[in-house]
2 protein chains.
Amino acid sequence: MNTTRGDRPPTSVDVARAAGVSQATVSYVLTDNPHARVSEETRRRVRDAAARLGYVPDAAARTLRTGRSGIVLMPLSRARVGRLAQQVFDELEEEFRTRGYTLVQYGERTLKGVAAARSWLALRPSAVLVEAARLTRPAVDLLHASGVRAVIGLSDQPSPLVPAVVFDHRALGAAAARHLVERGSRRLAAVVPREEGLDAMGRARLAGVREVVPGAARIDLAFSEEEAGRIVRAGDLPDGVFAYNDEYAMLLISALKDAGLRVPEDVAVVGADDLPICTLMRPRLTSVHFDATASPADLAGEIDGIVRGERPSVGGEVVARFEPRLVIRASA
Amino acid sequence: MNTTRGDRPPTSVDVARAAGVSQATVSYVLTDNPHARVSEETRRRVRDAAARLGYVPDAAARTLRTGRSGIVLMPLSRARVGRLAQQVFDELEEEFRTRGYTLVQYGERTLKGVAAARSWLALRPSAVLVEAARLTRPAVDLLHASGVRAVIGLSDQPSPLVPAVVFDHRALGAAAARHLVERGSRRLAAVVPREEGLDAMGRARLAGVREVVPGAARIDLAFSEEEAGRIVRAGDLPDGVFAYNDEYAMLLISALKDAGLRVPEDVAVVGADDLPICTLMRPRLTSVHFDATASPADLAGEIDGIVRGERPSVGGEVVARFEPRLVIRASA
DNA sequence: TTGTATGCGTTATCAT
DNA sequence: ATGATAACGCATACAA
């Protein structure tokens with residue numbers, strides 16, 4: 001089968017030998033280098049030989065040579081980003097893969113700024129998608145100088161440093177609050193999860209609630225039945241609560257019902273994320289969903305464009321924005 | 001700052017210059033090569049210089065040279081593996097990262113056997129964790145011959161080809177069925193999800209149910225309220241249902257309640273995965289949980305051992321086993 | 001139109 | 001105890 005040494009994967013040299021051309025020609029043909037002119041006949045021979053041998057270019061060699069790998073690095077811990085991103089991630093991974101990139105989730109959480117950038121650079125990624133808060137000007141400069149073409153920030157607002165994917169948590173909180181007020185709630189509260197990583201988003205959403213109802217209370221809550229029960233029994237809950245997300249909503253609602261309170265008559269609750277469980281609860285749960293202005297395919301395309309140098313990478317720009325959309329159900 | 005060309009990341013040559021030694025010495029020191037004898041004094045100078053320059057070895061160059069990257073490849077789509085693996089993934093990712101590996105989830109689903117192996121080899125991974133069903137003997141041989149040290153199968157039973165992580169879906173179904181029978185159900189059914197990727201696990205779990213109750217019915221169900229309602233209204237449900245997992249259980253229960261049936265009096269339901277929502281439903285949901293015989297840390301350690309050549313990679317072996325544990329709640 | 005030659009940054013062999 | 005040096009596989013400037 002393999003006409004070469006040992007039994008290692010075939011190299012471009014093997015393909016060249018099999019096709020009766022030089023290694024350079026193989027490289028030209030398989031990378032579709034527009035710079036080089038190769039006859040159709042030769043192209044065919046090369047492609048045939050490559051297919052026959054099952055040739056797949058060595059990613060490491062290509063990276064070493066070009067200074068840039070096909071890796072798109074997402075230094076985020078999955079748990080930290082919530083359900084939404086979990087759904088988006090799979091699609092994004094597929095989009096990048098079909099475009100020849102490898103999306104790598106890299107859960108390291110402690111490093112920031114230049115130190116983080118250095119550790120990311122070990123992989124010579126083509127792009128880095130990371131919380132904007134972890135970036136600094138020197139870090140961004142270092143990344144760019146080191147061959148990273150696209151540095152994309154994830155944030156709840158545009159970033160002056162890099163193009164950003166914006167998750168408008170404030171607007172989400174505000175949308176929930178507006179709905180609660182419209183359906184008659186007088187006093188509001190917003191849940192802020194105690195879980196590390198979720199708390200920042202919780203605070204942003206609370207800020208949004210307070211844009212609408214300045215006096216809205218803050219309920220710090222860990223995801224536990226016991227704590228939810230304690231808070232409900234303390235009895236000072238207002239008549240409208242934005243529960244941070246659907247799971248916290250379900251937690252709160254079950255505690256409310258256990259305490260003999262009626263939902264939504266005594267306390268109205270709004271969740272977020274619009275999980276399937278919303279339609280399975282009785283009454284069904286109203287939820288605020290994040291809608292993206294750009295699909296995962298668009299996002300991957302945009303980043304691909306930046307990497308390929310077709311588009312510039314501009315600070316302050318918004319690559320995609322996630323905006324709240326209210327899904328009203330409780331009344332049903 | 002950077003005493004070298006342009007502004008690219010410092011190389012070992014830069015470190016050597018800064019430390020006043022040769023590049024080879026840098027390599028020796030930083031890889032702790034036991035083969036080479038370097039004085040403490042020199043080691044210190046090298047490490048200082050490396051730290052000062054923020055030197056991080058280029059992964060591509062190292063891979064090209066050693067023939068093996070630090071990548072642990074998991075060619076699985078996240079959606080396909082269910083909640084369990086989603087939880088495990090984050091921990092596994094962290095474990096591997098602290099050991100110097102990069103866990104890469106690679107959602108490509110179509111390729112199998114040698115073709116799949118070839119595409120995976122582009123990254124020269126140190127280890128591949130993949131559904132055993134996608135492996136063939138030639139594929140495993142090719143991977144091993146190409147430098148992949150650990151090929152680990154994921155399966156519902158030990159694999160003759162490779163060491164396996166076993167998810168005992170049959171036992172899980174059987175445990176659920178046993179519980180239903182014990183609490184008084186006469187006739188049983190098991191839900192098999194229509195969703196592609198979940199159906200195989202569903203069938204394995206159904207087989208487990210039928211080990212206990214041979215005549216148990218099969219309910220094919222997509223995750224939709226409408227379809228669940230239709231099935232419930234058709235009225236031929238038995239008095240005990242294993243719902244495949246907790247989310248399907250919730251779907252089914254809400255349809256049952258809508259139809260005026262009592263749970264568990266008329267129809268008892270058991271879920272799986274033991275999600276937080278189990279304790280939030282009323283009545284609480286009994287669920288079968290997968291418990292691992294080995295923690296993510298153990299698993300990563302085991303694979304690390306194989307990669308480092310300390311342990312052999314043996315077909316038929318079981319690296320870790322996920323066994324069902326019944327969490328009884330409905331009676332509470 | 002195709003081939004030759006070079007270097008990317010690292011590891012590891014072999015001299016010194 | 002340390003330094004020169006040769007690959008690893010690929011992409012590309014340049015020669016033919």
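Everything quoted here is computed from the prediction, not taken from an experiment. A, B, ... follow the sequence lines: proteins, then strands. Residue 1 opens every chain.
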Are any of S27(A)'s side-chain N or O atoms less than 4.0 Å away from OP1 or OP2 of dC10(D)? no
Hey, are R44(A) and D48(A) close enough for a salt bridge, meaning a charged N less than 4.0 Å from a carboxylate O? yes
Whole angstrom is fine here: how far is it from CZ in R65(B) over to P in dT13(C)? 8 Å
Please determine whether any donor N or O and acceptor N or O are separated by less than 3.5 Å between the side chain of Q23(B) and the base of dA4(D). no
Would you mind reading off the distance between L30(A) atom CG and dA11(D) atom P, rounded to a whole angstrom? 8 Å
Taken to the nearest whole Å, OH/Y55(A) to C1'/dA11(D) is 10 Å
For a quick check of understanding: with a heavy-atom distance under 4.0 Å over all strands, which category does T63(A) fall into, base, sugar-phosphate or nothing? nothing
Sugar-phosphate only, base, or nothing, as touched by V26(A) at under 4.0 Å among non-hydrogen atoms: nothing
In whole angstroms, the gap separating C1' of dG9(C) from CG of L53(B) amounts to 15 Å
Rounded to the nearest angstrom, tell me the gap between atom CG in D58(B) and atom P in dG9(D). 16 Å
Should the side chain of Y28(B) and the base of dT13(C) be counted as holding a donor-acceptor pair, with the cut-off at 3.5 Å? yes
Between K112(B) and T136(B), is a side-chain contact (heavy atoms from CB on, under 4.5 Å) present by the stated rule, with each step listed? CA-CA 8 Å; K112(B) 293 189 185 185; T136(B) 59; over 6 Å; no
May I ask you to verify if any side-chain N or O of T25(B) is less than 4.0 angstrom from the OP1 or OP2 atom of dA1(D)? no
Does a side-chain N or O from S39(A) land closer than 4.0 Å to OP1 or OP2 of dT2(C), or not? yes
Can you find a side chain N or O atom of R62(A) that sits less than 4.0 Å from OP1 or OP2 on dA11(D)? yes
Gap between atoms CG and C1', on D32(A) and dA11(D) respectively (whole Å): 14 Å
Taking 4.0 Å as the cut-off, does a side-chain nitrogen or oxygen of N33(A) come that near to OP1 or OP2 on dA11(D)? no
How close or far is atom C1' of dT2(C) from atom CZ of R44(A), stated in whole angstroms? 17 Å
Regarding the side chain of S12(B), the nearest nucleotide among dG9(D), dT10(C), dT2(C) is dT10(C)
Without swapping roles, check the side chain of E108(A) against the backbone of L111(A) for a donor-acceptor pair under 3.5 Å. yes
Tell me yes or no: between the side chains of Y101(A) and D304(A), is some donor less than 3.5 Å from an acceptor? yes
Test item: S295(B) side-chain N/O and D298(B) main-chain N/O as donor-acceptor pair under 3.5 Å: yes
Within the structure, does a side-chain N or O atom of S22(B) lie under 4.0 Å from either OP1 or OP2 of dG3(D)? yes
For dT10(C), does either OP1 or OP2 sit under 4.0 Å from a side-chain N or O belonging to T66(B)? no
Starting at atom CZ of R37(A), determine the distance to atom C1' of dA13(D), rounded to an integer number of angstrom. 16 Å
